[in-house]
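Scroll down for the structure; my scribbles are underneath it.
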Amino acid sequence: MNKSIINRTGFVALLAFLFIGCKDLDLTPENVYTDLTYWKTTDQANGMLNTAYSQMFSSDYFFYNEAMSDNAYSGRGDQAGSTSLASGAYDPSLPRLRNEWNDCYRGIKTCNVFLDNVDRVPNMDEALRTRMKAEARFLRAFQYFRLMTWFGDVPLIKKDLSIVDAQNISRSPREEVLSFIVAELNEVTGSLPVNTEYGTKDKGRITKGAAIALKARVMLYEGNWQEVVNACSLLMDNTSNGTYGLFNSYEGLFLPQNENNNEVILDMQYVPLLRTWSNFFDLAPLSTGARVNVMAPTQELVDSYLTLNGKKIGESGSGYDENNPYINRDPRLTYTVVYHGYQWKEASGNAKTIYIRPGTDPDKDNKPDEYAPGSSKTPTGYYIRKYYDPTHAAGFASGLNLILIRYADVLLMYAEAKNELAKLDEATWNKTIKPLRVRAGFTDAAALNYNSAATQEQFREIIRNERRTELALEGLRIFDIRRWRIAETVLNGWAHGAKFGPANEDNGYIRVNLRSFDKSKHYLWPVPREERNLNPNLSQNPNW
């Protein structure tokens with residue numbers, strides 16, 4: 001596994017060189033970035049571009065964004081602001097808002113510096129220069145998509161700014177930012193290689209397929225259904241844009257031995273021992289060596305997994321047994337969520353039983369996983385399995401890549417868009433929802449076959465739930481509930497945990513966290529207070 005995109009000449013030096021004292025849009029002197037002694041070699045240009053890759057996203061956001069939704073709860077501290085954001089208890093001073101803003105603009109600044117200067121590199125292969133420009137423009141569009149999704153109107157900066165300009169810039173209308181993102185993705189697509197054209201040393205670089213898939217996601221969030229269909233079709237029906245498909249194992253998709261498989265369209269590349277993440281030190285069961293639990297799945301997520309005959313757990317004929325709730329369920333539940341009695345597998349193939357329900361651990365002297373309110377244990381009665389790396393180093397340090405866009409998402413986007421266009425037919429079902437369920441492990445015909453009697457609204461519910469269970473704990477649920485405008489429903493009221501609580505309160509399901517979502521303002525984050533103090537030209541979002 002050669003992830004040299006992360007470990008190129010000058011990368012570590014560049015990080016120090018670029019970001020000592022760097023602050024959001026503004027205050028780093030321009031001559032630090034445009035020094036005439038820097039842009040001399042292809043390796044130097046490549047080092048700058050690799051810095052932009054490293055700034056694309058963070059593992060903290062990848063995992064803890066789930067706790068901002070109804071899928072998970074962060075019970076210790078305020079990891080990446082997720083507890084405050086989920087409960088609605090925040091204002092423009094929340095550090096997560098400032099950090100997200102600054103992180104995106106640091107990445108944009110790096111891309112702008114690269115694009116402003118890469119043409120100065122002498123004796124550079126022109127095809128490589130063109131490709132690297134396309135990569136930088138993709139990464140910049142990716143950052144603007146993040147900003148636009150959270151904040152709406154944001155400053156649109158296409159060139160590296162002077163200090164004075166940075167302190168006086170205004171927010172650009174959201175529509176202008178959207179048009180820029182789409183135009184950039186359209187323009188770079190033809191300059192990017194398909195996934196099979198990159199050699200081993202360049203695995204993880206931006207591809208033509210990634211540009212198409214990101215455009216599909218942008219259009220999905222906009223509700224531009226026909227454009228979603230058009231973009232997804234380019235990946236589903238045309239191998240000239242890349243060779244993609246579903247990996248043969250849902251469990252295996254998230255294991256290190258299967259990285260860079262044909263389901264992966266865009267990911268964050270990590271390198272064992274060199275560039276790692278260690279979030280599972282605070283996510284895994286304590287009896288596996290974890291330190292403390294800071295985020296756990298909710299009962300609401302667990303309840304969303306169908307029974308094996310394709311029915312919801314509360315539906316007549318589902319076969320669901322509340323006293324034995326984890327059998328006869330969508331197999332993706334077991335590959336995603338750790339529950340009481342779970343068989344936890346390690347790299348050796350050995351498994352240990354995870355005891356969570358209080359009073360059930362046969363080893364009375366060692367009960368680290370039992371649910372206990374206010375402790376370092378799970379606050380919901382569940383832990384996370386998906387993305388656990390059995391080969392991790394000390395402190396759960398993992399070099400496992402984290403997938404940002406995968407082919408399953410393309411299928412789900414396509415199915416959703418076709419249904420919203422009232423064109424979800426049997427052929428569409430058979431190339432989207434059915435193969436996802438087959439790969440998951442469903443065999444019952446009732447779960448796999450198209451139901452010609454279902455209405456558009458029923459299919460909408462099916463597809464949305466399929467999206468939730470297929471992509472659970474991959475950081476996307478918060479964006480889905482916001483674009484569907486259901487956050488005001490699912491993020492108002494109690495989030496729950498397993499049935500370990502008093503029977504006279506919510507039928508025994510633990511009350512974990514009381515959430516609040518104000519539809520008049522929470523669909524957009526406020527512009528960070530610190531940014532507006534630095535630059536009074538930055539306006540504020542409604543009701544903040």
Side-chain angles (χ1 to χ4, degrees), residues 2-15 17-18 30-56 106-145 156-161 179-215 231 234-235 238-243 260 265-267 269:
N2 187 338
K3 301 180 186 176
S4 56
I5 183 174
I6 301 301
N7 192 25
R8 297 289 180 90
T9 302
F11 171 70
V12 175
L14 270 170
L15 283 178
F17 176 61
L18 287 176
E30 304 110 286
N31 61 359
V32 171
Y33 292 87
T34 58
D35 193 295
L36 295 176
T37 65
Y38 184 76
W39 298 94
K40 297 297 185 183
T41 69
T42 297
D43 279 347
Q44 288 174 319
N46 199 38
M48 180 69 76
L49 182 58
N50 287 346
T51 299
Y53 270 98
S54 76
Q55 296 165 324
M56 183 166 58
R106 286 189 183 101
I108 289 166
K109 186 175 186 70
T110 303
C111 292
N112 283 339
V113 169
F114 175 87
L115 292 166
D116 289 352
N117 291 281
V118 68
D119 285 339
R120 296 167 48 200
V121 177
N123 304 315
M124 188 175 183
D125 179 83
E126 289 305 320
L128 177 60
R129 194 193 315 261
T130 298
R131 190 202 83 193
M132 291 172 69
K133 286 182 178 179
E135 293 174 68
R137 291 172 70 185
F138 173 98
L139 292 168
R140 183 174 61 179
F142 181 89
Q143 300 291 11
Y144 274 120
F145 180 45
L156 180 59
I157 303 164
K158 304 175 187 178
K159 298 285 184 181
D160 192 32
L161 290 179
S179 295
F180 176 76
I181 294 167
V182 174
E184 288 289 277
L185 294 175
N186 284 338
E187 290 178 22
V188 304
T189 297
S191 300
L192 291 166
V194 300
N195 58 336
T196 54
E197 290 178 332
Y198 277 122
T200 301
K201 68 183 181 67
D202 283 318
K203 290 293 185 184
R205 290 199 174 276
I206 305 302
T207 62
K208 185 176 185 179
I212 294 169
L214 182 57
K215 180 184 175 182
L234 292 174
L235 300 177
N238 190 339
T239 57
S240 65
N241 297 312
T243 304
N260 301 310
I265 298 177
L266 178 68
D267 63 2
Q269 294 272 313

Query raised in the report: Is the backbone N or O of L156 less than 3.5 Å from a side-chain atom of Y144, with the two atoms forming a donor-acceptor pair by type?
Result: no

Report task. To the nearest 0.5 angstrom, please state how far the CD atom of E197 sits from the NZ atom of K208. Result -> 8.5 Å

**Report entry** Contact summary for G204 and D267, nearest pair of heavy atoms
**Finding:** CA-OD1, 4.3 Å

Report summary line: Contacts of R140 meeting salt bridge (Lys or Arg N to Asp or Glu O under 4.0 Å) (sequence neighbours excluded), chain-then-number -> E184

**Report entry** Interatomic spacing from CD1 in I181 to CG in L214 - rounded to 0.5 Å
**Finding:** 8.0 Å

Requested in this report: Check for a donor-acceptor pair, side chain of N112 on one end and backbone N or O of I157 on the other, with a separation under 3.5 Å.
Outcome: yes

**Report entry** Least distance between heavy atoms, W39 atom then A45 atom
**Finding:** CZ3-CA, 3.9 Å

Report task. Check whether any side-chain heavy atom of I206 sits under 4.5 Å from a side-chain heavy atom of L266, and report yes or no. Result -> yes

Report task. Please report the closest heavy-atom contact between Q143 and Q55, naming both atoms and the distance. Result -> NE2-O, 3.0 Å

Report summary line: When rounded to the nearest 0.5 Å, the distance separating CG of N238 from CD1 of I212 is 8.0 Å

Requested in this report: Would you check, one step at a time, whether the test side chain to side chain donor-acceptor pair (under 3.5 Å) holds for T41 with D43?
Outcome: CA-CA 5 Å; T41 69; D43 279 347; 5.5 Å; no

**Report entry** D125 CG: over 12 foreign heavy atoms closer than 6.0 Å
**Finding:** yes

